[in-house]
Protein chains: 2
Amino acid sequence: MAEVTATLSIGQVAERTGLSVHALRFYEQQGVFVSPVRRGPGGRRSYTEDDVDWLGVCIILRASGMPLPALRRYADLVREGAGNEEERLALLREHHGQVTTQLDRLTQCLDLITFKVGVYEDLLDQDRRAAGPGRRRPSVGGDVPASGPGTSA
Amino acid sequence: MAEVTATLSIGQVAERTGLSVHALRFYEQQGVFVSPVRRGPGGRRSYTEDDVDWLGVCIILRASGMPLPALRRYADLVREGAGNEEERLALLREHHGQVTTQLDRLTQCLDLITFKVGVYEDLLDQDRRAAGPGRRRPSVGGDVPASGPGTSA
DNA sequence: CTAGGAGCTAGAGTCGGCTCTAGGTCAACC
DNA sequence: GGTTGACCTAGAGCCGACTCTAGCTCCTAG
């Protein structure tokens, strides 16, 4: 048990998490840390492994679109300690729902895009293998004909 | 063939597309329209059904995270007319890739969130059905123990 | 002893994508 | 003829999440 709790500088944490030092200070100011970031000599921030773990969670929540205020709220609950698990669960469920919704939307969008890619591929294919005898799909002045699956047939 | 091409006011288009009139003017200014939006008496915008169809495509591309400059670029290509299908295809493929990536990321995030929701559910379940005889999962001061699937076992 | 590098604070700036405001035109209704 | 209500333009403002700057303190190495 040599190293009681190795602490990390802001630069090291930035490197490990991929966040910028600016972002780390900003997050702290926004109250997204569960425990209030210790200071070492000269007032320098010294982070624990727990802080880094927590940041990992934050990064994932942020990446899935959770806004900072919600993240702060969650941190507040965790900071308060045991007893508010229902609230934490509610918050997570709420976010879960939003991510699911977003996934559905994105999947739909992807369908359309895939469709359009397919149309252009076909079109180019045919142009290529029949460069002469009356082209099918007259490549209408504008965008590719159908707007996608689900739109007008 | 009574109505040659019924045209729509900006308000009507806003209503149909769900975009605001502000957004419609903004999009026009940003050059995301393929054809340059006609003006009726008094300089009022009058949109065609084609415009609305195109907006439908725009909405989906935007919803999937395509930035306005890319949307404008795509519109530019379509406006140019036939002959640049490879470029359009490239642009769409590029975006397709980004959406796929984003979907993967989101799915991973969702896994973590689902996991955490599960942990909290279990925890509350056990608290509830054993309100007395030594609680398991001591509900560690901080957040729920494991950070998720893939993180430390 | 000075130069460099990492850190500090407070606060300004940036970017994307709208959103809103001010000030005006026009047509229709009472 | 006065008042809506929908529209117009140009440009300012806003929001979220950073990012950057200025001006400072330390510490270490050459």
Side-chain angles (χ1 to χ4, degrees), chain A residues 6-33 36-48 51-52 54-55 57-75 95 98-99 102 105 109, chain B residues 6-33 36-48 51-52 55 57-75 95 98-99 102 105-106 109:
Chain A
T7 80
L8 301 158
S9 72
I10 197 171
Q12 290 172 317
V13 174
E15 201 171 340
R16 297 205 189 182
T17 59
L19 296 167
S20 69
V21 295
H22 301 294
L24 286 170
R25 291 194 274 245
F26 177 67
Y27 278 14
E28 179 177 348
Q29 179 205 318
Q30 295 297 303
V32 312
F33 280 92
V37 188
R38 323 272 171 132
R39 297 308 180 104
R44 302 192 163 200
R45 291 170 178 84
S46 97
Y47 299 84
T48 65
D51 289 331
V52 175
W54 173 251
L55 281 172
V57 174
C58 291
I59 286 167
I60 285 178
L61 293 175
R62 285 285 307 118
S64 53
M66 181 181 283
L68 283 184
L71 201 42
R72 169 168 47 209
R73 172 101 187 97
Y74 186 43
H95 184 57
Q98 291 182 355
V99 176
Q102 175 62 3
R105 247 200 304 269
C109 293
Chain B
T7 80
L8 302 159
S9 73
I10 196 170
Q12 291 172 315
V13 174
E15 201 171 339
R16 298 205 188 181
T17 59
L19 296 167
S20 70
V21 295
H22 301 294
L24 287 170
R25 290 195 273 246
F26 177 67
Y27 278 14
E28 179 178 347
Q29 180 206 316
Q30 295 297 303
V32 312
F33 281 92
V37 188
R38 323 270 171 135
R39 297 309 180 104
R44 303 192 162 200
R45 291 170 177 84
S46 96
Y47 299 84
T48 65
D51 289 330
V52 175
L55 281 172
V57 174
C58 291
I59 287 167
I60 285 178
L61 293 175
R62 284 286 307 119
S64 52
M66 183 181 283
L68 283 184
L71 201 42
R72 169 169 47 210
R73 172 101 187 97
Y74 187 42
H95 184 57
Q98 290 181 357
V99 176
Q102 175 62 2
R105 247 200 303 268
L106 262 192
C109 293

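Quick note on labels: first sequence line is chain A, next is B, and so on, each numbered from 1.
At most 12 non-hydrogen atoms from other residues, nucleotides or ligands lie less than 6.0 angstrom from CD of B/E15. In B/Q30, the CD atom is crowded: over 12 heavy atoms of neighbouring residues, nucleotides or ligands sit closer than 6.0 Å.
With rounding to whole Å, B/R39 atom CZ is found 14 Å from C/dT25 atom C1'. Rounded to whole Å, atom P of C/dG7 lies 10 Å from atom CD of A/E15. Rounded to whole angstrom, the span from the CD atom of A/Q12 across to the P atom of C/dG5 amounts to 18 Å. Atom pair A/F26:CZ and C/dA12:C1' shows a separation of 14 Å (rounding to whole Å applied). The nearest whole Å value for the distance from the CG atom in B/L68 to the P atom in C/dC18 is 6 Å. Taking atom CZ on B/R45 and atom P on C/dT25, their separation rounds to 17 Å, with Å as the unit. Distance, B/Q30 CD to C/dC15 P: 14 Å, rounded to whole Å. The CG atom of B/L24 sits 16 Å away from the C1' atom of C/dC20 (whole-angstrom rounding).
Bracketed by its first and final contacts, the part of DNA chain D lying under 4.0 Å from non-hydrogen atoms of chain A reaches from D/dA17 to D/dC26 in 5' to 3' order.
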Go through it in stages, so that I can follow the logic: the residues are A/Y74 and A/W54, the test is ring pair (Phe, Tyr, Trp, His ring centres under 6.0 Å), and I'd like the CA-CA distance, side-chain angles, deciding distance and then a yes or no.
CA-CA 11 Å; A/Y74 186 43; A/W54 173 251; 5.6 Å; yes
Would A/V13 and A/D51 count as a side-chain contact (heavy atoms from CB on, under 4.5 Å) if you check the C-alpha gap in whole Å, the side-chain angles of each, and the deciding distance to 0.1 Å?
CA-CA 9 Å; A/V13 174; A/D51 289 331; over 6 Å; no
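Toward the 5' end of DNA chain C, the nearer of the two residues B/R44 and B/A23, judged by each one's closest nucleotide, is B/A23. Comparing B/R62 and B/G42 by the nucleotide of DNA chain C whose heavy atom lies nearest to each, the residue mapping closer to the 5' end is B/R62.
Considering only side-chain atoms of A/S9, the nucleotide from C/dG7, C/dG17, C/dC8 that sits closest is C/dG7.
B/P67 comes within 4.0 angstrom of sugar-phosphate atoms only, judged by non-hydrogen atoms across all strands, and of no base.
Over its full length, the helix from C/dC1-D/dG30 to C/dC30-D/dG1 turns its helical axis through 20°, comparing axes from the five pairs at each end and rounding to 10°.
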